[in-house]
There are 2 protein chains.
Amino acid sequence: MPTTGGRSPVMSDVAKVAGVSHQTVSRVVNGHPNVREETVVRVRRAIAELGYQPNSTARALVTRRTNVLGALAVDTTLFGPAQTLAGIERAAREAGYFLSIVSVDDLSPDGVAEALDHLVQQAVEGCVAITPQRELAHALAALPGPRPLVAVEGGEGAGFPVVGVDQEQGARDAVRHLVGLGHRTVHHVAGRADWLEAEARVHGWREELLAAGHVVPEPLAGDWSPRSGYELGHRLAERRAAGEEVTAVFVANDQMAVGVLKAFHEVGLRVPDDVSVVGFDDIPESAYLTPGLTTVVQDFTRVGTAALEVLLGALESPDHADTPVDRTVPAVLRVRDSSAPPSA
Amino acid sequence: MPTTGGRSPVMSDVAKVAGVSHQTVSRVVNGHPNVREETVVRVRRAIAELGYQPNSTARALVTRRTNVLGALAVDTTLFGPAQTLAGIERAAREAGYFLSIVSVDDLSPDGVAEALDHLVQQAVEGCVAITPQRELAHALAALPGPRPLVAVEGGEGAGFPVVGVDQEQGARDAVRHLVGLGHRTVHHVAGRADWLEAEARVHGWREELLAAGHVVPEPLAGDWSPRSGYELGHRLAERRAAGEEVTAVFVANDQMAVGVLKAFHEVGLRVPDDVSVVGFDDIPESAYLTPGLTTVVQDFTRVGTAALEVLLGALESPDHADTPVDRTVPAVLRVRDSSAPPSA
DNA sequence: CTGAAAGCGCTTACAG
DNA sequence: CTGAAAGCGCTTACAG
C-alpha cells in the first residue's frame, strides 16, 4: 500500500499512484467529461486506496467560492427561531452548502456589527438573518455585512428580501374566529414590544376588531414568557372582576397562553366557559394543555426553506436579487377546546 | 482614493498604498512584533482606506487551520439539543472559532456517515456531537470522521470524551423525593427506548426504588412527545382504576408530563392530591402548568460550555486527547406543586 | 483525452 | 525592522 508519510494525501499523491497528472485527478474529482473511462477507474481506485479527501480550502481559494452560507440567529433558545434555523440548515445541506451560524446576544449596533463581521470574515457566500426585533432589522440594513442577505421575519423595505409568516393575517383569523363565536370584543396579551412579530399581531388584532365594529381594549404588553402571560392573565382577571367585559383573549404566543391559563385557573375562571383563549405558534404542548389550546400555526420549516430558496435565487442571479418571490407563508388557525361562544 | 478596480482589495493592494511589501502588511495584520511603529500606522491607515479584509481561505490554506469547529446535532427541534447547541455556539464564538452545524435526520449508518463527511469536507478542526441515541453514538465510534470529537450525552467508552448531565442521579433524586414524601412505589413513563438518556433515567429510577426496598412496576415506554405522555397517562389511570397502587409517577421529560397531566385531568384524577407527577428538563412552561410541575433541571448551557472546553483542551494538547475528562453536569431537582404526600 | 504552467492570497522561513 | 522567495493544494486556461 502506498503511503504519504503520515501527512494526509493530496491530489498529486493520487496522481502519482494512478500514473496521471494532478489535473487529471482534478477532472475526475469534479466529474468533468473528456476523461477516458479507464483513466477514471484508475484514478478512482487511487483515491480510494489513499483515502484521499479534496482540500476544500485550496479549492475555495481558487474558485472564490467557499460553499458556506451564514445564519445570523437571534435567540435559538426560543421555539420559533430554533425551528426556523433547523429548516434553514436542512435546506442548505440539501443544496450542497455548509451552514455557519452565529447568534447575536448583544443587540446594540456594536454587537450586531461584530456578529456580521464574524460572518464576513468567514467569507460566507450569502446569509439569512433571523431578525425579529425592529432594532436588529434596522441595524442590519445600515451596516456593511455579508451579501446577498435575506431576512426572516424582518421588516420590509430594508433593501433585502424578507421571508416570513403572515403575522397580521394569523392575528386577524384568530380574532375573526373569536368574534364569529359571538364575543363582543377580544383582549390581547402582546409579545415583546420591540419585536416586529408582536407589532404585526397587535396590528392584525386591532384591524380585525375595528372591521367588525367592536371596541378595541388596551392591549397588555408581555415578553413572550409564560411568566408574563401568568401576570397579565391575573391582570385580565382583575379587570373582569371589576366589571369589564373580558370573555375572549388573543395571546401573542402559546408560552404566554400557558401562563394565562394558569392565572385564570387560579382565580376560578373557566376556559372556555367563562373566557376563551387563543394562542399563536402551536408549540408541541398546545394540544395537550387543559383545555387543548386553540392557536395559530406557523410553519417554521417552510419559512426556513423559503428563506433559503430566495437566498439561492439571489446567489444564482445577483441581478434579479429583487425579483418578487413568494415570501409570505400563511398562518393557519387550529381550533381546539379553549375557544367557545361566550356564556349567556 | 486608491482603487482596486472593482475587485476586493488584497494584501498587496494594501502594501502598495502603504509603500511596504505585502509581508509587512501580513505582520501588521497578525500583530507580529518587530514592526516599526510608524510603519504599523501607515499600514493600518492603508487597510482602513481600502476597507481591506484578510482572505481567511488563503490564510487557512497555508496555516492549515480553518478556525471552524463542527457541531453534529440530532434534532435541534427538541428542547435539549437546541439549548445545548446554543451553548456550544456561544462558547465557540467566544473562543474565536466559527461553528458549522449539520443535523442528521437519517440515523442509519449511511446517514450518519454522510453527516460526518459533510464536516470532514469542511476541514473542521474539531467537532462536538450531540448524540443522544445509542445507535448514533455507536455509529460515531465506528466511522471515520472529524477528530478530535467530543460527544454530548453519548455513551461512555466509545473512544472519545463525553460530556453530559448526570441523568441517573437526576432520576434517583426524583424518585427519592417521591419516596421521601411517603409513596410506596413510583411508576415511570420512559422516553424513547433508543435514547441513552431514557435508558439512564430508567436505570436511576429502578435503582433508587430497589435501594428503598420498594416494588419496581413495569415502566411505560413513551417517545418524549406530549401525545405519548397523554396516552400513557390514560394507561396509568386505567391501571389505578383496576386497583393497582398508582400514587406517584416519574415522567422522563416535561413534554410527556404535560400529556400525563391532561390525561389525569380528563379522568378526574387530581394532581398532586390523588397522584404526584415529577418531570425532567424544566422547560419554560413547567412552572406555569396547573399544577406547577416538579421537575429535574438540566443546565444545557453548562453542558454546551463544558463540551467546548473539553474540545478546546483536546485541540491544544492532542497527546492528552484521551485524558479522562468525561465531564458530568449535575441535575437539580426543582420541587413545585405537582408532588405531595399520598392521600391517606 | 491529457499535461505543463500560472496563479488564487496568504504565511513562513530565510536573508539582510 | 523589512523584503525576495517559496509554497500551501487546488482549478483554470492553454497547448498538444
Side-chain angles (χ1 to χ4, degrees), chain A residues 4-47 50-68 96 98 120-125, chain B residues 4-44 46-47 50-68 98 120-125:
Chain A
T4 54
R7 63 175 172 70
S8 43
V10 298
M11 204 168 252
S12 61
D13 295 319
V14 175
K16 203 168 298 166
V17 170
V20 295
S21 72
H22 73 275
Q23 285 95 323
T24 294
V25 175
S26 173
R27 287 188 187 97
V28 172
V29 167
N30 294 297
H32 285 188
N34 300 346
V35 182
R36 220 182 350 153
E37 183 51 31
E38 187 211 303
T39 309
V40 172
V41 170
R42 245 185 15 249
V43 170
R44 287 254 165 76
R45 204 177 347 245
I47 288 174
L50 293 171
Y52 168 71
Q53 289 270 5
N55 180 316
S56 58
T57 302
R59 172 182 291 167
L61 180 58
V62 44
T63 59
R64 294 157 185 289
R65 297 208 40 201
T66 55
N67 241 282
V68 6
F98 304 122
V120 169
Q121 270 178 44
Q122 222 173 144
V124 298
E125 293 185 34
Chain B
T4 53
R7 62 175 173 70
S8 43
V10 298
M11 203 168 251
S12 61
D13 295 319
V14 175
K16 204 168 297 167
V17 170
V20 296
S21 72
H22 72 274
Q23 286 97 323
T24 295
V25 176
S26 173
R27 287 189 186 97
V28 172
V29 167
N30 295 297
H32 286 190
N34 301 344
V35 182
R36 220 180 352 153
E37 184 53 29
E38 187 211 301
T39 308
V40 172
V41 172
R42 243 182 21 244
V43 170
R44 287 254 165 77
I47 287 174
L50 292 171
Y52 169 71
Q53 288 269 8
N55 180 315
S56 58
T57 302
R59 173 182 290 166
L61 180 59
V62 43
T63 60
R64 294 157 184 291
R65 297 208 41 200
T66 54
N67 241 284
V68 6
F98 304 120
V120 169
Q121 270 178 45
Q122 220 172 148
V124 298
E125 292 184 35

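Numbers restart at 1 for each chain; the letters A, B, ... are given by sequence-line order, proteins then strands.
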Within this structure, what is the CD-to-P distance between B/Q121 and D/dG9, rounded to whole angstrom? 18 Å
Using whole Å, what does the distance between atom P of nucleotide D/dG9 and atom CE of A/M11 come to? 12 Å
Looking for any heavy atom pair under 4.0 Å, which part of the strands does A/T39 touch: base, sugar-phosphate only, or nothing? sugar-phosphate
Looking at every strand, decide which applies to B/N55 at a 4.0 Å heavy-atom threshold: base, sugar-phosphate, or nothing. sugar-phosphate
Looking only at C/dT2, D/dC10, C/dT11, the nucleotide nearest the B/H22 side chain is C/dT11
Quick one: on DNA chain D, does B/R42 or B/A58 contact a more 5' nucleotide (nearest heavy atom)? B/R42
Would you classify B/R64 as touching base, sugar-phosphate or nothing, given that sugar-phosphate means primed atoms plus P, OP1 and OP2, and contacts are heavy atoms under 4.0 Å? sugar-phosphate
Rounded to whole Å, the CD-P distance (B/Q122 to D/dG9) equals 19 Å
Atom-to-atom span, CZ of B/R65 to P of D/dG9 - whole angstrom: 16 Å
Value in whole Å for how far the P atom of C/dT11 lies from CG of A/L61: 12 Å
Using whole Å, report how far CZ of A/R27 lies from C1' of C/dG3. 7 Å
Proximal nucleotide (of C/dT2, D/dT12, D/dT11) relative to the A/H32 side chain: D/dT12
In whole angstrom, give the distance that lies between atom CG of B/N34 and atom P of D/dC1. 5 Å
Can you tell me how far C1' of C/dC14 sits from CD of B/Q23, to the nearest Å? 11 Å
